[in-house]
Participant: 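Right, I'll just put the structure down here and ask away after.
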Amino acid sequence: MAGPVGVAIHGGCGALRREDLTGAEWAAAREALRRSLRAAWDIVGRGGSSLDAVEAAVTVMEDSPAFNAGHGAALNADGFHELDASIMDGATLRAGGVSCVRRIRNPVRAARAILDEGEWVNFAGEGADAWAERAGLAMVPNAYFTTQRRVDALRTLKELEAQHASHRASEGEKHGTVGAVALDRAGHLAAATSTGGFNNKPAARVSDSSVIGAGTYARDGVCAVSCTGRGEFFIRLVAGHEIASRMDYRGQSLKEATDGVIFGDMKRWDVGAGLCAIDANGNAVVPYNTIGMYRGFVTPQGGLHVGVHDDLALVETLVV
Ligand code: ASP
């Protein structure tokens, strides 16, 4: 008998304060979250694979200027975009990732192409761009990713840096990411993540979002996880794999394991952190410790929920 399906997404825990965006901009961000969830649900709800679903969900958010991934991504200290993404199939443990790419329109698609090709897991920099171009993926000039919001954020961060006051920057100015997790009818789990990283980051810095086990992890029978927050800590904790290990070896629930990392381990460093995760029964969680996190999920009963701050709400009921 076919099992339950489920989908959860995040658009980063570097959420803006309510007053930073207009009503129309908030509505556009929420609508992009809804479309992302719909894209994934349209696949798993019709018997498609969780791997296709997470790629589709992340592609929608990469194409939206509301999030720090793809179009609308952060700028590094040299004023360029360097993007990271990865994807993992919980059924086979196959995975793909790209780091510091500058010209691939949808980095998550390149990650998927690497996974499908099967021999390697992660390509970086110019070589990764060249590999994607040869694979026939859509390529764009680096300026395609630029939005005024990110130009302004880079200027603010550089000014604060000059005053030795970088700590005064808001989470929204500093960082963001997008990610998705899904469970399909066959019981397979998958996760995908994509980011522009931190604004004003040094060139060639690699985030957790392209590191399998850190920002992205999926294992059938256990969970799928996509993280957001200061990547260095997620890499040091190997956060995604850590959550799966606590569930598998310690018998913790998804909520216990994810809360343990976000509200326990991360507390030690006082860093903004969040994630979306789903277990083998389709239970989804979206914990975060910042003022807000773009997030959403569809329950196994079809309830599509979207929110940013304390406004998480059922916005649509989908056919199961
Ligand atoms: N994890 C991303 C990074 O370290 C940023 C984020 O998720 O907000 O670049």
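Computation of the quantities below employed the complete heavy-atom set of this structure, encompassing side-chain atoms and omitting hydrogens, waters and symmetry-equivalent molecules. First listed ligand is number 1; within each ligand, the first listed atom is number 1.
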Participant: Between ligand 1 and Gly176, can you find any atom pair, the residue atom being a heavy atom, that is separated by under 4.0 Å?
Facilitator: yes
Participant: Could you tell me whether Arg230 sits above the aromatic face of Phe233, with NZ or CZ closer than 6.0 angstrom to the six-membered ring centre and within 45 degrees of the axis?
Facilitator: no
Participant: Identify, by atom number and element, the atoms of ligand 1 in contact range of Gly197, meaning under 4.0 Å from any of its heavy atoms.
Facilitator: 9 (O)
Participant: In terms of atom number and element, which parts of ligand 1 are under 4.0 angstrom from non-hydrogen atoms of Thr228?
Facilitator: 6 (C), 7 (O), 8 (O)
Participant: Applying ring pair (Phe, Tyr, Trp, His ring centres under 6.0 Å) as the test, list every pair that has at least one member in residues 29-49; sequence neighbours left out.
Facilitator: none
Participant: With a cut-off of 3.5 Å and sequence neighbours excluded, list every side-chain donor-acceptor pair involving residues 130-137.
Facilitator:
{"unit_1": "Glu133", "atom_1": "OE1", "unit_2": "Arg103", "atom_2": "NH1", "d": "3.4"}
{"unit_1": "Glu133", "atom_1": "OE1", "unit_2": "Arg103", "atom_2": "NH2", "d": "3.1"}

Participant: Give me the ring orientation class for His309 and Trp26: parallel if the planes are under 30° apart, tilted from 30 to 60°, perpendicular past 60°.
Facilitator: perpendicular
Participant: Of all the heavy atoms in Gly14, does at least one lie under 4.0 Å from an atom in ligand 1?
Facilitator: no
Participant: In terms of residue, atom name and distance, what is the protein heavy atom nearest to atom 6 (C) of ligand 1?
Facilitator: Thr177 OG1, 2.9 Å
Participant: Tell me whether Met266 shares a hydrophobic cluster with Ile243, the cluster being built from Ile, Leu, Val, Met, Phe, Trp, Tyr side chains joined at under 4.5 Å.
Facilitator: yes
Participant: Which atoms of ligand 1 are found less than 4.0 Å from any heavy atom of Ser207?
Facilitator: 3 (C), 4 (O), 9 (O)
Participant: Should the pair Asp265-Arg246 be classified as a salt bridge under the 4.0 Å nitrogen-to-oxygen rule?
Facilitator: yes
Participant: Does an N or O from Gly231, backbone or side chain, lie closer than 3.5 Å to an N or O of ligand 1?
Facilitator: yes
Participant: Return the closest protein heavy atom for atom 8 (O) of ligand 1 as residue, atom name and distance.
Facilitator: His175 ND1, 2.4 Å
Participant: Would you say Ser99 and Ser210 are linked by a side-chain donor-acceptor pair, where the criterion is simply a distance under 3.5 Å?
Facilitator: yes
Participant: Quick test: of every protein heavy atom, which one is nearest to atom 9 (O) of ligand 1, and how far off is it to 0.1 Å?
Facilitator: Arg205 NH1, 2.7 Å
Participant: Is any N or O atom of Asp208, backbone or side chain, closer than 3.5 Å to an N or O atom of ligand 1?
Facilitator: yes
Participant: Applying a 4.0 Å heavy-atom criterion (strictly less than), which segment of Glu171 is in contact with ligand 1: side chain, backbone, both, or neither?
Facilitator: neither
Participant: So which bit of Phe198 gets within less than 4.0 Å of ligand 1, heavy atoms only: side chain, backbone, both or neither?
Facilitator: both
Participant: Does any donor atom in the side chain of Thr22 or Glu25 lie under 3.5 Å from an acceptor atom in the other side chain?
Facilitator: yes
